[in-house]
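Note that the coordinates shown come from a computational prediction; the quantities given were computed from them, not determined experimentally.
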Amino acid sequence: MAAISNIVTVLPEKRLEVAAVAERERLSGPDLAVVEQLGVAAVRDADGRSATDLAVEATRLLLADGDAARAGAFLLVGGRYPQALMASEATRAQRDSGLTSAFSLGVSELGCVSVSAALLTGRGLLAADAALPGVVVAHGCTPPGPRRYRRPVTLNGDGAMALHLSQDGPLRILDMTLETNGEYWDLFQVDYLGQSFDAWTEVCRDTRRYSFSLAVETRKRFGRMNDDMLARQGLAIEDVDHFVTQNLSSGSFDFYEQNFDISIARACRRNLREYGHVGSSDIGLNLRAGMDDGEFQPGDLVLVMNSAPVAAWSSMLIEVTGPLPEMPAA
């Protein structure tokens, strides 16, 4: 059995109201209308710090917990772009975090679902080695270029999270599944070769394919994946107390609620409004907020649905058994 024993989040102090996001001045009328309807009031700005810098900051805070400091493995969930080619962000983050006794590796290329792949990997490491003291999973998020609007999906914010996986803890992972479909591998991309950083722009190659074809497949995938996973536990969707997703837009929450007849956790909507989309960190931010606010109580079952337009989908069933440790002071 694997469990999340702690989650630490980093959200930069600098707050950008949506009205102050620089590229709004360059957006067309339809895009401005989309931004206004996303459900995002503000995002955080890391003021030039890289995604790896943020992940290191989160990991250092996590290591204030003595149990996390004994981790035998460190998994860095890749940011939206590396600082350098042919270099290792994972081992750099390990060094800068002070995890000298752990081995490290990077997990990436599945967008927001990369964190789910890291959790699956960490869960497998714990199952393979009962003596492993724990696994640290960290992720930092900054936009892939100077623009925060990801047309037509969301508004990107800066932030990070780090969590500790162990054999037991207050968020027990009862089951987990992940699937991918290579048909959408290049639906979103940044043409960066030969371009200055200021010119980097993330582009959706086919907005209709994203909004309709991928949405239909997402509905079918999650319907089957959730039913199969819950059936393995002798449960049904009605037995789940809370539902968590990544934070893209209020429309994405409506999509889940209408298609699966569920209610998305209040923590997700609050985090979307205050921080925008923080990539793979969203899941950690939402679980932490739901625990801190008392929305998730011991004995509750939480179903986490995570998806990405690459395309990848993950479902994870968590049982709450107790409180998380208090967040350390920054």
Side-chain angles (χ1 to χ4, degrees), residues 1-4 107 110-124 126-127 153 163 165 169-185 187 209-269 272 280 282-284 286-287 290-291 295-321:
M1 180 68 70
I4 299 172
V107 182
L110 294 183
C112 301
V113 179
S114 294
V115 68
S116 302
L119 289 169
L120 268 176
T121 302
R123 191 168 175 239
L126 289 169
V153 185
L163 60 82
L165 282 175
L171 295 175
R172 294 176 59 206
I173 300 175
L174 301 181
D175 207 337
M176 191 173 184
T177 184
L178 188 153
E179 295 183 3
T180 60
N181 180 353
E183 294 299 320
Y184 300 88
W185 71 274
L187 188 56
R209 195 174 182 215
Y210 169 78
S211 299
F212 294 97
S213 302
L214 185 56
V216 170
E217 182 161 2
T218 294
R219 175 169 54 84
K220 292 179 179 178
R221 290 265 185 167
F222 274 132
R224 174 179 52 78
M225 290 167 66
N226 292 341
D227 286 347
D228 290 349
M229 184 177 66
L230 290 168
R232 289 196 295 269
Q233 302 298 320
L235 300 167
I237 199 77
E238 295 78 17
D239 297 312
V240 177
D241 300 290
H242 309 283
F243 296 87
V244 167
T245 73
Q246 79 275 35
N247 306 331
L248 294 177
S249 67
S250 55
S252 72
F253 295 150
D254 294 342
F255 169 84
Y256 283 102
E257 292 184 338
Q258 293 166 9
N259 281 283
F260 303 112
D261 193 24
I262 61 174
S263 294
I264 296 298
R266 297 188 304 273
C268 299
R269 293 188 181 272
L272 171 69
S280 272
D282 277 352
I283 298 304
N286 291 341
L287 288 172
M291 294 290 285
E295 185 176 3
F296 307 157
Q297 292 290 322
D300 286 352
L301 294 177
V302 182
L303 180 61
V304 180
M305 290 179 282
N306 199 10
S307 65
V310 281
W313 304 266
S314 174
S315 286
M316 177 171 61
L317 184 64
I318 288 175
E319 179 186 12
V320 180
T321 64

Checklist entry - When you look at Glu257 and Phe243, which way does the side-chain contact (heavy atoms from CB on, under 4.5 Å) test go after all the steps? => result CA-CA 9 Å; Glu257 292 184 338; Phe243 296 87; over 6 Å; no
Checklist entry - Donor-acceptor pair, Asp228 side chain versus Met225 backbone, under 3.5 Å? => result no
Checklist outcome for this item: Heavy atoms of Asp241 and Gly299 approach each other most closely as OD2-O, 4.2 Å
Checklist entry - Is the shortest heavy-atom distance from the side chain of Val302 to the side chain of Glu319 under 4.5 Å? => result no
Checklist entry - Do Arg219's NZ or CZ and the ring of Phe255 fall within the cation-pi criteria of under 6.0 Å and 45°? => result no
Checklist entry - Side chains of Val310 and Leu187: does their closest heavy-atom pair fall under 4.5 Å? => result no
Next on the checklist: I need the minimum non-hydrogen distance between Ala308 and Cys112, along with the two atoms involved.
Outcome noted: CB-N, 3.7 Å
Item to check | Shortest non-hydrogen contact between Asp239 and Leu301, atoms and distance | outcome: O-CD1, 3.7 Å
Item to check | Heavy-atom side-chain proximity of Leu317 to Met229 below 4.5 angstrom | outcome: yes
Checklist entry - Could you state the interatomic distance from CG (Leu174) to CG (Leu230), rounded to the nearest 0.5 Å? => result 10.0 Å
Checklist entry - Do Ser280 side-chain atoms and Gly111 backbone N/O form a donor-acceptor pair below 3.5 Å? => result yes
Checklist entry - Would you call the rings of Phe296 and His242 parallel, tilted or perpendicular if under 30° counts as parallel and over 60° as perpendicular? => result tilted
Next on the checklist: Within this structure, what is the CD1-CG distance for the pair Ile264 and Asn286, rounded to the nearest 0.5 Å?
Outcome noted: 9.5 Å
Checklist entry - To the nearest 0.5 Å, what is the distance between CG (Leu248) and SG (Cys268)? => result 11.0 Å
Item to check | Test item: side-chain donor near acceptor, Asn226 and Ser315, under 3.5 Å | outcome: yes
Next on the checklist: side chain to side chain donor-acceptor pair (under 3.5 Å) for Asn306 and Ser314? Distances and angles first, verdict last.
Outcome noted: CA-CA 5 Å; Asn306 199 10; Ser314 174; 5.9 Å; no
Checklist entry - Taking side chain as C-beta onward, heavy atoms only, is Leu235 less than 4.5 Å from Val240? => result no
Next on the checklist: Between Leu272 and Phe253, is the side-chain contact (heavy atoms from CB on, under 4.5 Å) condition met? List the steps.
Outcome noted: CA-CA 10 Å; Leu272 171 69; Phe253 295 150; 3.6 Å; yes
Checklist entry - Given Arg209 and Leu214, is the side-chain contact (heavy atoms from CB on, under 4.5 Å) satisfied, shown in steps? => result CA-CA 6 Å; Arg209 195 174 182 215; Leu214 185 56; 6.0 Å; no
Next on the checklist: Nearest 0.5 angstrom please: Ser252 OG to Gln246 CD, how far?
Outcome noted: 6.5 Å
Next on the checklist: Tell me the closest heavy-atom pair linking Ile173 and Ile4, and the distance in Å.
Outcome noted: CD1-CG1, 4.3 Å
Checklist entry - Do Leu110 and Thr180 have side chains that get closer than 4.5 Å, going by heavy atoms? => result yes
Next on the checklist: How long is the straight-line distance from CG of Leu119 back to OG of Ser114, given to the nearest 0.5 Å?
Outcome noted: 11.0 Å
Checklist entry - Is there a side-chain contact (heavy atoms from CB on, under 4.5 Å) between Trp313 and Thr218 once you walk through the steps? => result CA-CA 8 Å; Trp313 304 266; Thr218 294; 3.0 Å; yes
Checklist entry - Would you say the side chain of Thr121 lies within less than 4.5 Å of the side chain of Arg123, judging by non-hydrogen atoms? => result no
Checklist entry - Is any side-chain N of the basic residue among Glu179 and Arg224 closer than 4.0 Å to the acidic one's carboxylate O? => result yes
Next on the checklist: Under a 4.0 Å threshold between the charged nitrogen and the carboxylate oxygen, would Arg269 count as salt-bridged to Glu295?
Outcome noted: no
Next on the checklist: As an exercise, state the distance from CD1 of Ile237 to CG of Asp261, rounded to the nearest 0.5 Å.
Outcome noted: 9.5 Å
Item to check | Smallest separation among heavy atoms of Ala2 and Leu126, with atom names | outcome: CB-CD1, 4.0 Å
Next on the checklist: Can you confirm whether Thr177 sits close enough to Met316 that some side-chain heavy atom of one is under 4.5 Å from a side-chain heavy atom of the other?
Outcome noted: no
Checklist entry - Between the side chains of Tyr256 and Ser263, does any donor sit under 3.5 Å from an acceptor? => result no
